[in-house]
Amino acid sequence: MASPRTITIVALSVALGLFFVFMGTIKLTPRLSRDAYNEMKRAYKSYVRALPMLKKMGVSSILLRKSIGALEVACGIIMTLVPGRPKDVANFLLLLLVLAVLFFHQLVGDPLKRYAHALVFGILLTCRLLIARQPEEQPPEKRILSVNGDEQPLIHEAAPEQGKMKVS
């Protein structure tokens, strides 16, 4: 049976992956929701206006929106389907992306209700990454010390009370 840690990581990975595939798709195409797509277009125009450095670098609102959308879709697919270390890399990239989006929302002065979802999913990404990076707990093994050809358990394991040593 899978450990609770494994179940948590898989559940968070799938839920977060599907969310970011959905949000990235909304940024890329109006097929899912024309209203949400138009709202994204308007929001990214305000982000580029608020950060003239992007305009100087040649980054338009369309390029910014489509780049972020494509990254969200790619990382979302990896989070949902690909096993192993790539999930952690995708998780980290999405976390950086969420931080950038939170910065953009603060920059243009959006109210909390406009970016609360980004805040919540940023926290979930952080939790998933922390859980995934924790080492798996393994049951303690009985260690044996060989003294003059005789095998004996280590002193701290042989002592009846922790903190007391058996002296002979």
Side-chain angles (χ1 to χ4, degrees), residues 1-140:
M1 185 169 143
S3 71
R5 176 183 174 273
T6 304
I7 293 169
T8 303
I9 292 171
V10 169
L12 278 172
S13 297
V14 170
L16 289 166
L18 291 175
F19 171 78
F20 281 103
V21 166
F22 177 72
M23 291 306 293
T25 304
I26 285 177
K27 289 176 179 79
L28 295 173
T29 180
R31 289 185 184 167
L32 293 180
S33 171
R34 183 164 299 279
D35 292 337
Y37 176 77
N38 290 333
E39 180 59 30
M40 291 290 178
K41 283 174 50 175
R42 185 205 60 74
Y44 277 86
K45 284 180 185 174
S46 70
Y47 300 156
V48 171
R49 273 195 306 269
L51 211 60
M53 178 182 64
L54 289 176
K55 203 66 150 168
K56 288 179 186 173
M57 291 175 17
V59 177
S60 67
S61 64
I62 295 169
L63 180 63
L64 182 64
R65 177 177 43 85
K66 290 193 177 198
S67 298
I68 289 176
L71 188 61
E72 284 179 348
V73 169
C75 288
I77 289 170
I78 291 169
M79 291 275 293
T80 305
L81 301 175
V82 179
R85 175 79 77 195
K87 277 186 197 264
D88 293 343
V89 173
N91 192 148
F92 183 72
L93 289 174
L94 287 170
L95 189 56
L96 290 178
L97 198 61
V98 165
L99 291 173
V101 168
L102 289 171
F103 171 74
F104 287 144
H105 281 291
Q106 284 296 306
L107 190 65
V108 298
D110 282 341
L112 178 62
K113 69 178 183 178
R114 295 249 318 136
Y115 62 90
H117 70 281
L119 197 57
V120 169
F121 281 92
I123 292 168
L124 288 173
L125 284 167
T126 303
C127 289
R128 190 223 164 265
L129 194 59
L130 289 174
I131 293 168
R133 300 307 306 153
Q134 284 182 347
E136 189 81 36
E137 283 189 25
Q138 297 175 357

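Only a predicted model underlies this, so the values are computations on that prediction, with no experimental measurement involved. Both backbone and side-chain heavy atoms feed into the values below; hydrogens, waters and symmetry mates do not.
Here the shortest heavy-atom pairing between Y37 and I26 reads CD1-O, 3.2 Å. Of all heavy-atom pairs between L94 and C75, the closest is CG-CB, 3.5 Å. Across all their heavy atoms, K87 and T80 have their closest contact at NZ-O, 4.0 Å. Here the closest non-hydrogen pair linking M79 and G17 is CB-CA, 3.8 Å. Taking all atoms of both residues into account, the shortest heavy-atom contact from A2 to I7 is O-CD1, 3.9 Å. Contact record, P86 with P83: CD-O, 3.5 Å, taken as the closest heavy-atom pair.
Atom CG of L102 is separated from atom CG of L107 by 12.5 Å, given to the nearest 0.5 angstrom. For the atom pair SG of C127 and CD1 of I131, the computed distance is 6.0 Å after rounding to the nearest 0.5 Å. Distance CG/L28 to NZ/K66: 7.0 Å, rounded to 0.5 Å. To the nearest 0.5 angstrom, L95 atom CG is 10.5 Å from I123 atom CD1. Distance check, rounded to the nearest 0.5 Å: CG of L119 to CG of L99 gives 10.0 Å. Once rounded to the nearest 0.5 Å, the distance linking CZ of R85 with CD1 of I78 reads 14.0 Å.
Ring-plane geometry between F121 and F20 is classed as perpendicular, the angle between the planes exceeding 60 degrees on a 0 to 90 degree scale with a lower cut at 30.
Looking at Y47 and V108, their side chains come closer than 4.5 Å, going by heavy atoms from C-beta outward. Between H117 and M23, the closest side-chain pair of non-hydrogen atoms falls below 4.5 Å. Under the 4.5 Å side-chain criterion, counting only non-hydrogen atoms from C-beta, R31 is not in contact with T25. Two residues are said to be in side-chain contact when any heavy atoms from C-beta on lie closer than 4.5 Å; S61 and K41 fail this criterion. Side-chain contact between E72 and V21 is absent, with no heavy atoms from C-beta onward closer than 4.5 Å. Counting heavy atoms from C-beta outward, Y44 and K27 have side chains that approach closer than 4.5 Å.
Salt bridge status for E39 with R114: present, with a side-chain N to carboxylate O gap under 4.0 Å.
Aromatic ring centres of F22 and F19 lie farther apart than the 6.0 Å criterion allows.
The 12-atom threshold is not exceeded at CD1 of I62, counting heavy atoms of other residues, nucleotides or ligands nearer than 6.0 Å. Residue R5 places its CZ atom among more than 12 non-hydrogen atoms of other residues, nucleotides or ligands, all under 6.0 Å distant.
Paired with N91 under the rule side-chain contact (heavy atoms from CB on, under 4.5 Å), one option of L124, T126, L125, L12 passes, and it is L125.
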